[in-house]
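Since the structure comes first, as structure tokens, the remarks are kept for the end.
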Amino acid sequence: MKIDVLTIFPEYFDSIFEFGIIRRAKLAEIVEINVHDIREFATDKHKMVDDRPFGGGDGMVLKPEPLFAAIEHLTGASDRKDYREDLRVVLLTPQGRQFNQQAAADFAAEAEHMVLICGRYEGVDERVSERLVTDELSIGDYVLSGGEPAASVVVDAMVRLLPGALGSETSAENDSFSDGLLDCPQYTRPAEFRGMKVPEVLLNGHHAEIDKWRRKMAFEKTKKVREDLLMGENGERE
Ligand code: 9D3
């Protein structure tokens with residue numbers, strides 16, 4: 001998969017993709033990630049990327065021209081009806097549908113080329129969404145200063161699902177959220193620390209018993225802090 005990130009703060013990404021699974025995936029050429037300064041695509045001599053909103057109001061709006069030039073440069077198309085079917089142009093915005101594990105899995109399975117546009121200010125000129133954007137995504141109901149942290153979240157969740165990105169020791173199927181439950185508690189040595197003992201069941205080597213305990217703990221934790229995960233689409237208990 002090839003990922004292009006469009007941002008007015010390219011330095012934000014200087015180290016964020018240089019660790020762990022993403023770094024390994026890059027080295028193994030499972031993913032190629034390029035970060036671009038939107039300003040490099042500015043069309044006027046002052047390299048303007050933002051302007052005041054029509055109709056008045058606070059803040060600035062990202063201008064359409066640099067983003068159209070950038071998408072045209074990166075994809076060869078400037079209308080989403082002309083996109084290859086394996087291209088996704090994503091706008092990170094508080095107005096988007098909420099990103100989740102299913103969306104990550106769908107992108108990882110279907111997209112060969114992703115372009116992520118990081119919003120800032122009061123927003124992005126609507127004509128970018130109208131003509132260029134295939135998906136508008138938010139990462140949750142809290143206010144960020146811009147789309148950059150959201151883009152890093154989307155990249156991380158997607159890249160680890162690409163074939164070969166996870167080592168053979170772990171599998172994406174084993175993850176929390178693929179079975180719809182939070183993880184069970186984990187312990188390592190020492191077996192007793194400051195008076196706190198590791199549950200006996202984990203020490204006795206009975207693997208069937210251990211699996212049963214882990215499923216029970218995962219279910220109870222989920223019920224306690226994330227009961228919504230136990231519910232179906234219509235709020236019915238699954
Ligand atoms: C909805 C809030 N807006 C009211 C005028 C202002 C505003 C707040 C934050 C406009 C832009 C932003 C910057 N945030 C993002 O670009 C963003 C975001 C977020 O804030 N929360 C969760 N997901 C995302 S994805 C992009």
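In listed order, ligands and their atoms are each counted from 1. Below, all heavy atoms of this structure are taken into account, side chains as well, without hydrogens, waters or symmetry copies. Quick caveat, the model's predicted, so the values are computed rather than measured.
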Under 4.0 Å from ligand 1, counting heavy atoms only: the protein residues, by chain and number: Leu92, Thr93, Pro94, Gln95, Gly119, Tyr121, Glu122, Leu137, Ser138, Ile139, Gly140, Tyr142, Val143, Leu144, Ser145, Gly146, Gly147, Ala150

Thr7: which of Glu148, His36, Arg39 passes side-chain hydrogen bond (donor to acceptor under 3.5 Å, both in side chains): Glu148

Modelled atom types, side-chain donor and acceptor of Glu65 and Thr43, under 3.5 Å: no

Those residues that, when tested against Arg80, pass side-chain hydrogen bond (donor to acceptor under 3.5 Å, both in side chains) (two or more places apart): none

Contacts of type side-chain hydrogen bond (donor to acceptor under 3.5 Å, both in side chains), residue Arg131, not counting sequence neighbours: none

Test item: Cys118 and Val5 side chains (from C-beta on) under 4.5 Å apart, heavy atoms: yes

Residue pairs fulfilling ring pair (Phe, Tyr, Trp, His ring centres under 6.0 Å) with at least one residue in residues 99-120, sequence neighbours excluded: none

